[in-house]
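Note: hydrogens, waters and symmetry copies are ignored here, and every other heavy atom, side chains too, is used. Not measured: the values here are computed from a predicted model. A note on names: the letters A, B, ... follow the listed sequences, proteins ahead of strands, and every chain is numbered from 1.
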Number of protein chains: 2
Amino acid sequence: MIGARVRGLREEKGISLSALARLAGVGKATLSGLENGVRNPTLETLYAITAQLGVPLTAVLAEPAATPTVHGAAVHATLLEVFTDTDATYELYRMRVRPGTGQLSPAHQPGVTEHVTVFSGVLRAGPADAPSTAPAGGYLRWVSDVPHSYAAVGDEEVDASLLLRYPRR
Amino acid sequence: MIGARVRGLREEKGISLSALARLAGVGKATLSGLENGVRNPTLETLYAITAQLGVPLTAVLAEPAATPTVHGAAVHATLLEVFTDTDATYELYRMRVRPGTGQLSPAHQPGVTEHVTVFSGVLRAGPADAPSTAPAGGYLRWVSDVPHSYAAVGDEEVDASLLLRYPRR
DNA sequence: AACCATCGTTCCGTAAACGGAACGGCTTAC
DNA sequence: GTAAGCCGTTCCGTTTACGGAACGATGGTT
């Protein structure tokens with residue numbers, strides 16, 4: 001299970017077991033046993049290996065439900081960070097919008113605003129009765145205390161960052 | 001270091017070393033050695049312990065330098081995510097700008113653009129010879145193939161997200 | 001075909017992580 | 001006062017993860 005992830009990462013890098021063991025300064029027997037789940041590695045060993053793979057230890061320990069995600073008909077969003085300051089709370093999401101269907105979201109509390117920066121694709125989003133369009137690199141922003149919509153324009157998936165701002169009530 | 005985090009979590013729960021060792025089914029010598037950093041635990045051992053503490057393994061592994069950060073005279077930025085699509089690579093940063101001094105950054109490659117959404121404070125940033133100003137909730141964007149500057153306006157720290165877009169060359 | 005390099009696994013002696021027991025220190029009970 | 005209980009550390013014999021070497025398998029070269 002963790003062995004499989006190590007093996008996956010190693011093969012993704014196109015590097016042999018022998019070579020990785022040499023780079024990491026561990027025995028081939030150690031790495032082989034680890035990848036096959038026969039051994040129960042120490043942290044030191046695992047760290048030496050993940051370091052050479054260029055990933056943090058956590059990448060191979062990957063707790064499944066680590067970061068909350070929001071799914072919808074067309075939108076998939078992953079919460080990257082929550083930030084609170086004196087007069088508002090912010091949630092920063094990584095957002096993907098599938099082409100084809102759009103998605104309508106209900107109104108938030110009064111004063112909540114959304115800020116979207118489009119990475120790729122073309123996004124049409126905003127208040128349901130007056131959405132705007134933004135291409136890759138574009139920026140949209142609206143007050144989301146009314147129902148609002150998201151849709152990918154064309155047949156390309158849209159990647160974007162979404163910032164939700166909740167004013168302190 | 002990881003021992004300190006385990007000890008911290010255990011004391012936070014108000015549970016004794018002996019009791020935690022008993023619950024986790026590991027020897028007291030093992031837990032004692034782990035907390036004091038004289039042993040190099042196996043994953044199995046560490047997992048048994050963190051499970052009883054009610055935290056994921058990752059909580060005690062917290063890589064200090066897991067996510068690269070960029071320090072400067074006034075700017076502190078943490079890389080949240082890197083995203084590559086067919087014609088550009090994006091880096092999304094969480095950025096903080098200290099009040100007082102500003103900071104000048106050298107030019108990037110041609111075509112690189114920066115997109116900033118301000119969370120709190122007032123930011124003055126952009127090409128060194130023509131910066132713009134944005135309050136909380138505001139958005140700035142410029143082509144950063146010339147030297148550019150960042151500065152907090154007033155005496156409040158600026159919190160923002162910074163998106164760097166590197167076109168495929 | 002014979003050779004050579006490298007692959008991943010297996011064998012083996014050593015080093016160290018393991019659990020249990022013994023220890024000294026401290027508090028509470030009788 | 002001393003016995004009992006729990007604390008965290010240290011001692012010790014057992015178990016096992018460790019690295020190095022040997023192994024058979026595979027692919028490329030002469």
Is the phosphate of [N], meaning OP1 or OP2, less than 4.0 Å from a side-chain N or O of [X]?
X	N	value
A:S32	C:dT10	no
B:N36	D:dT9	yes
B:T30	C:dG19	yes
A:S18	C:dG8	yes

Options D:dG8, D:dA17, C:dT9, nucleotide nearest the side-chain atoms of B:R10 |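 Nucleotide nearest to B:R10's side chain: D:dG8.
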Identify which nucleotide among C:dT10, D:dC11, C:dC7 has an atom closest to any side-chain atom of B:A29, counting heavy atoms from C-beta outward.
->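 The answer is D:dC11.
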When you match B:R7 and A:R39 each to their closest nucleotide on DNA chain D, which lands nearer the 5' end?
->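 By nearest-heavy-atom nucleotide position, the 5'-most residue is B:R7.
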Residue mapping more 5' on DNA chain D - nearest nucleotide basis, A:T45 or B:G33 |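 On the 5' side of the pair lies B:G33.
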Just wondering, are more than 12 heavy atoms of other shown residues or ligands nearer than 6.0 Å to CD in A:E44?
->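 No, because the 6.0 Å sphere around CD of A:E44 holds 12 heavy atoms or fewer from other groups.
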Just how far is it from atom CG of B:L20 to atom CZ of B:R7, taken to the nearest 0.5 Å?
->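 Those atoms lie 11.0 Å apart.
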Which of parallel (below 30°), tilted (30 to 60°) and perpendicular (above 60°) describes B:Y139 and A:Y139?
->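 Parallel.
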Position toward the 5' end of DNA chain C (nearest nucleotide), B:K28 or B:L31 |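 This one resolves to B:L31.
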